[in-house]
Amino acid sequence: MNILVIGSGGREHAISWKLAQSERCDKLFVAPGNAGTASFAQNVEVGVTDFQGIKQLVLSEKIDLVVVGPEAPLVEGIVDFFKSDADLQSVLILGPDSEGAKLEGSKDFSKAFMQKHNVPTAFSKTFTKETALEGLAYLDTQEGPYVLKADGLAAGKGVIITESREEAKEQLKAMLLDAKFGEASAKVLVEQFLSGIELSVFVLSDGKNYVILPEAKDYKRIGEGDTGLNTGGMGAVSPVPFADAAFMQKVDEQVVKPTMAGLQSEGIDYKGFIFIGLMNMDGEPYVIEYNVRMGDPETEVVFPRIESDVLDLFEAATKGQLNQESLEINPKTAVTSVVVAGGYPEAYKKGDEMAFPEEMEGRFMFHAGTVLKEGKVLTNGGRVMALTGMADTLELAVEKSQALASEVKFNDKYYRKDIGQDLLALIQK
Ligand code: AMP
Ligand code: GLY
């Protein structure tokens, strides 16, 4: 099969690297890709929401399967575009249509979905410009910490958590009345604060059947000890020690099954990934959010652990045949450390030349923000690479990942040195 992966991050590098291992993978394209994907696939300079450009590429290269990495094209309706185009209808595409993508594209929609289908989640109320005063009055009745969420996509910045009621009120006004996040904050959810440990759970759905992929823990803040600004993710670990069989059973029964049943009863034919961000509160799972794609950098620890042929799995998902597939998982632990350009997640530089250590057993170097120019690999984004180590124990996997992170070279590199340390402390207790 000829395959096109859409996206350019570490997630897309890991997904296409795994696809390339399939015997049934003929030609592999990544649009637009990065310096990492260029080493084994063909990068094509087409943007992720350039649907006409993607169509030309699919037709000219006779693509059989399209795998959509990021959320933007899904929320903008790439799957609907394929289904309604006579030339593209027969092309397999992995991802939900725009109705399914609302699970991520609108937090108001996903909250209403969870409430309607009895998926455990934080209590919340939604306010608009017209009801802003009610929103302010509502905050007066609540205890902190206060959680405010812009309804729409806000590049990962739309969630504000603060202890201060005054700050919460200012932020609510800024979002609703001054359009702090543009259209995305035309509606704002004021949500109950959930305290516990977070977990990322990944489901591959064919609309009816599903498989639960390995879970992961993400490290979102820029600073060690989970301090400082939020980022796209600074590291990840899989498996997660507290997500034992009993907890995952609860997740399946209380979260995944009602989610799948809800999608079906709403008439949403969901073929793709569902990334469920959970809070483990005293052993009970509560959904923080749905995403309609894989996580990044979680993919860089989840995919190295998948032993089954992912092309078989993806094809089956697009055809409603996941019940005919089995999922084999490597029991080893994978840890990834993300190296970023100094300054990220605020202003940072691009275009610095990079140098790499040798490939070795159990060490995987996934590129994120890199580009190949005149034979040189240059930094090209805030998150530059995700460096994964895989080993029999968490301790050894942390060591391998951190060694890689120290060995990759570029100007003004930064990475967290505490990835996995909280989980090591947990298992050593
Ligand atoms: P989201 O964009 O929904 O993933 O939210 C970003 C982050 O904010 C999450 O990963 C959590 O760490 C945190 N968060 C979101 N909602 C809540 C909540 N209701 N209670 C506590 N933390 C939350
Ligand atoms: N690592 C979190 C995300 O992909 O949204």
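Order of listing sets the numbers, starting from 1, for every ligand and every atom in it.
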* Of all the atoms in ligand 1, which lie at a distance below 4.0 Å from a heavy atom belonging to Ile161? -> 8 (O), 13 (C), 14 (N), 22 (N), 23 (C)
* Could Lys417 and Tyr415 be counted as a cation-pi pair, given that NZ or CZ must be under 6.0 Å from the ring centre and within 45° of the axis? -> yes
* Asked: Should Glu359 and Arg363 count as an ion pair when the cut-off is N to O under 4.0 Å?
  -> no
* Counting only heavy atoms on the protein side, is anything nearer than 4.0 Å to atom 7 (C) of ligand 1? -> no
* Asked: Does Gly233 reach ligand 2, in the sense of a heavy atom lying below 4.0 Å from it?
  -> no
* ligand 2-proximal atoms of Arg11, by part, heavy-atom distance under 4.0 Å -> neither
* To do: Using heavy-atom distances, let me know which of Arg293, Met294, Glu298 sits nearest atom 5 (O) of ligand 2.
  => Arg293
* Using a 4.0 Å heavy-atom threshold (strictly under), name the region of Gln192 that reaches ligand 1: side chain, backbone, both or neither. => backbone
* Say whether Ala122, considering both its backbone and side-chain N or O atoms, lies within less than 3.5 Å of an N or O atom on ligand 1. => no
* State which residues pass side-chain contact (heavy atoms from CB on, under 4.5 Å) with Pro258; sequence neighbours excluded, sorted by chain then number. => Val119
* Non-hydrogen atom of Ala236 closer than 4.0 Å to ligand 2 -> no
* Of Trp17, Phe356, Phe303, the residue whose pairing with Phe366 passes ring pair (Phe, Tyr, Trp, His ring centres under 6.0 Å) -> Trp17
* Are the charged groups of Lys125 and Glu191 less than 4.0 angstrom apart, N to O? -> no
* Taking non-hydrogen atoms only, is Glu198 closer than 4.0 angstrom to ligand 2 via side chain, backbone, both or neither? -> neither
* Salt bridge between Glu104 and Arg293, side-chain N to carboxylate O under 4.0 Å? -> yes
* To do: Identify, with sequence neighbours excluded, every residue that meets side chain to side chain donor-acceptor pair (under 3.5 Å) alongside Asp296.
  => none
